[in-house]
Amino acid sequence: MSALEIENIRKTYGAIETLKGIDISLDSGEFLVLLGSSGCGKSTLLNIIAGLAEASGGDVRIAGRSVLGVHPKDRDIAMVFQSYALYPNLSVRRNIGFGLEMRKVPVVEREKAVLETATLLQIENLLDRKPGQLSGGQRQRVAIGRALVRKPQVFLFDEPLSNLDAKLRMEMRTELKRLHQMLGTTIVYVTHDQIEAMTLATRIAVMRNGRIEQLGTPEDVYDHPATLYVAGFVGSPPMNVLNGVVTGEGLRLDGSGQVVALPARFKAVTVGQRVKIGVRPEALRLAGDGAEQKSLDVEIEVVELTGPELVVTGRASGQRVTACLPPRTKLAVGATQAFAFDEDVLHLFDAETELALG
Ligand SMILES: Nc1ncnc2c1ncn2[C@@H]1O[C@H](COP(=O)(O)OP(=O)(O)OP(=O)(O)O)[C@@H](O)[C@H]1O
Ligand SMILES: [Mg+2]
């Protein structure tokens with residue numbers, strides 16, 4: 001039985017359709033990330049699962065039971081919000097234990113559960129403080145603790161790390177992953193941060209305008225983006241996308257018209273078809289002296305050392321290209337450099353439909 005089933009969920013606000021039929025089925029222990037840009041409907045979907053918003057159609061089942069019409073507190077879920085929403089006048093201890101207190105869990109049992117959870121989150125020495133006496137990261141741990149302590153069927157997180165600074169966000173991300181590996185809980189997690197999605201998820205649902213654009217493992221979504229949108233959204237720096245056309249000789253780039261060889265696996269393309277050619281920046285390397293199979297001539301414009309890598313920006317047939325190279329690579333700005341890539345890293349999308357080809 002699925003831990004969570006979302007079936008054809010729709011949501012309309014007046015005349016505007018915010019969710020246009022969402023289907024997802026989650027196994028127990030999965031970490032699903034809803035990824036998408038602002039306004040695509042992530043929070044709306046999460047709120048419908050939580051019972052904080054009403055669906056206009058479809059069904060939500062938790063452990064096999066339809067929960068539409070069931071009060072949020074009876075759904076066996078726990079939610080962590082972006083704003084931690086802690087009670088400022090209560091100690092950390094009581095903030096974490098509040099849900100258990102409301103459910104009239106006996107005090108001894110409650111204390112034990114609170115201490116266990118706090119220890120797990122490494123905040124057991126903060127139990128007597130008030131939220132105002134905590135750092136942002138510590139507050140976030142308390143908010144997570146409050147959800148964790150209840151041992152629900154499904155955890156719902158809505159951008160829980162977005163209020164933290166970059167370093168703390170990374171630490172908490174690792175912490176969340178560790179917790180998930182340890183506890184094997186079922187999680188639905190909303191973010192617009194593709195790195196968070198890639199690192200945390202067992203599966204990612206890339207959402208766009210109220211629809212799921214692609215649902216798959218991080219590897220799937222990264223290596224086999226189903227659409228141009230997904231290709232551009234996941235990955236940083238984003239995938240290079242070059243406009244071109246299929247000819248008898250291969251793929252001819254617009255602009256000055258250099259030709260890139262067409263890998264044999266794209267059998268379905270036709271001569272004259274307009275395409276978008278995708279290559280990830282890290283898939284490019286300097287072409288050696290030997291006869292490289294696939295290559296791209298790039299006029300180098302800017303070279304930036306980030307520390308772990310050298311980010312090179314230039315133009316191929318007038319179109320912008322970025323490459324991520326080893327940090328000690330020597331390159332001359334203004335020169336034209338041939339970049340090589342393996343043929344299996346080349347992505348093709350139909351220019352019209354923006355769907356992946358091959
Ligand atoms: N109560 C409401 N009434 C009307 N429209 C709403 C309401 N709540 C949300 N919307 C609209 O529904 C769409 C989806 O909103 P939602 O909050 O789900 O987006 P989101 O993906 O979570 O975005 P963000 O990343 O900015 O949080 C938006 O266009 C929003 O304006
Ligand atoms: Mg939101």
Side-chain angles (χ1 to χ4, degrees), residues 4-24 26 31-60 62 67-69 71-72 75 77-86 136 139-140 143-144 146-147 154-166 168-170 172-173 176 186-201 203-216 218 221 225-236 238:
L4 174 67
E5 283 163 284
I6 299 163
E7 189 184 296
N8 197 21
I9 282 291
R10 297 175 174 276
K11 178 69 178 175
T12 49
Y13 288 112
I16 298 168
E17 208 174 16
T18 293
L19 295 177
K20 300 167 182 166
I22 303 283
D23 290 286
I24 303 172
L26 269 196
F31 196 134
L32 175 75
V33 172
L34 304 177
L35 175 67
S37 59
S38 187
C40 71
K42 307 178 295 292
S43 295
T44 304
L45 180 58
L46 202 70
N47 289 339
I48 288 172
I49 300 169
L52 304 174
E54 214 176 303
S56 311
D59 198 7
V60 175
I62 295 174
V67 292
L68 294 189
H71 193 274
R75 288 190 179 199
I77 48 129
M79 187 145 165
V80 179
F81 299 92
Q82 174 178 3
S83 62
Y84 321 124
L86 301 178
R139 265 178 241 164
Q140 189 52 270
I144 292 170
R146 193 170 49 178
V154 181
F155 287 92
L156 307 175
F157 289 87
D158 196 350
E159 310 231 18
L161 308 185
S162 55
N163 282 342
L164 305 176
D165 67 50
L168 202 50
R169 203 155 69 207
M170 245 171 86
M172 283 304 293
R173 195 178 80 202
L176 271 177
T186 309
I187 295 177
V188 182
Y189 185 105
V190 163
T191 184
H192 58 261
D193 182 329
Q194 50 94 20
I195 303 272
E196 250 170 63
M198 283 298 294
T199 50
L200 287 172
R203 278 196 297 164
I204 301 176
V206 182
M207 291 181 67
R208 183 190 189 189
N209 294 332
R211 284 203 175 84
I212 293 181
E213 188 99 350
Q214 186 170 3
L215 176 63
V221 167
T227 67
L228 190 64
Y229 180 80
V230 174
F233 199 83
V234 179
S236 174

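In each ligand, atom 1 is the first atom listed, and ligand 1 is the first ligand listed.
Expressed to the nearest 0.5 Å, how far CG of Asn209 lies from CG of Leu19 amounts to 11.0 Å.
Between Leu4 and Val60 the shortest side-chain heavy-atom distance falls below 4.5 Å. Residues Gln82 and Val190 fail the side-chain proximity criterion, which asks for heavy atoms closer than 4.5 Å. Tyr189 is listed as a side-chain neighbour of Glu196, based on a closest heavy-atom distance under 4.5 Å. Using a 4.5 Å heavy-atom threshold, the side chains of Ile49 and Met79 count as separate. A heavy-atom distance below 4.5 Å is not found between the side chains of Val206 and Gln194. Here the side chains of Leu32 and Leu215 are in contact, with some heavy-atom distance below 4.5 Å.
Contacts of Thr44 with ligand 1, taken as heavy-atom pairs under 4.0 Å, involve both backbone and side chain.
Distances from the Mg ion (ligand 2) show that Ser43 has an N/O/S atom below 2.8 Å.
The closest non-hydrogen atom to atom 25 (O) of ligand 1, taken over Arg208, Lys42, Gln82, Glu17, comes from Lys42.
Contact analysis puts Cys40 in contact with ligand 1, with a non-hydrogen atom separation below 4.0 angstrom. Contact annotation: Met207 has no heavy atom less than 4.0 Å from any atom of ligand 1.
Among protein heavy atoms, atom 26 (O) of ligand 1 sits closest to Ser38 OG, 2.5 Å. In terms of protein heavy atoms, atom 9 (C) of ligand 1 is closest to Tyr13 CE1, 3.5 Å. Scanning the protein for heavy atoms near atom 17 (O) of ligand 1, the closest one is Ser43 CB, 3.7 Å.
Put simply, atom 28 (C) of ligand 1 has protein non-hydrogen atoms near it, under 4.0 Å away. Under the 4.0 Å distance rule, the nearest protein heavy atom to atom 22 (O) of ligand 1 falls inside the cut-off.
Of all atoms in ligand 1, listed by their number and element, those nearer than 4.0 Å to a heavy atom of Glu159 are 25 (O).
Residue His192 has no N or O atom closer than 3.5 Å to an N or O atom of ligand 1.
Remark: Met198 CE is packed, more than 12 non-hydrogen atoms of other residues, nucleotides or ligands lying under 6.0 Å away.
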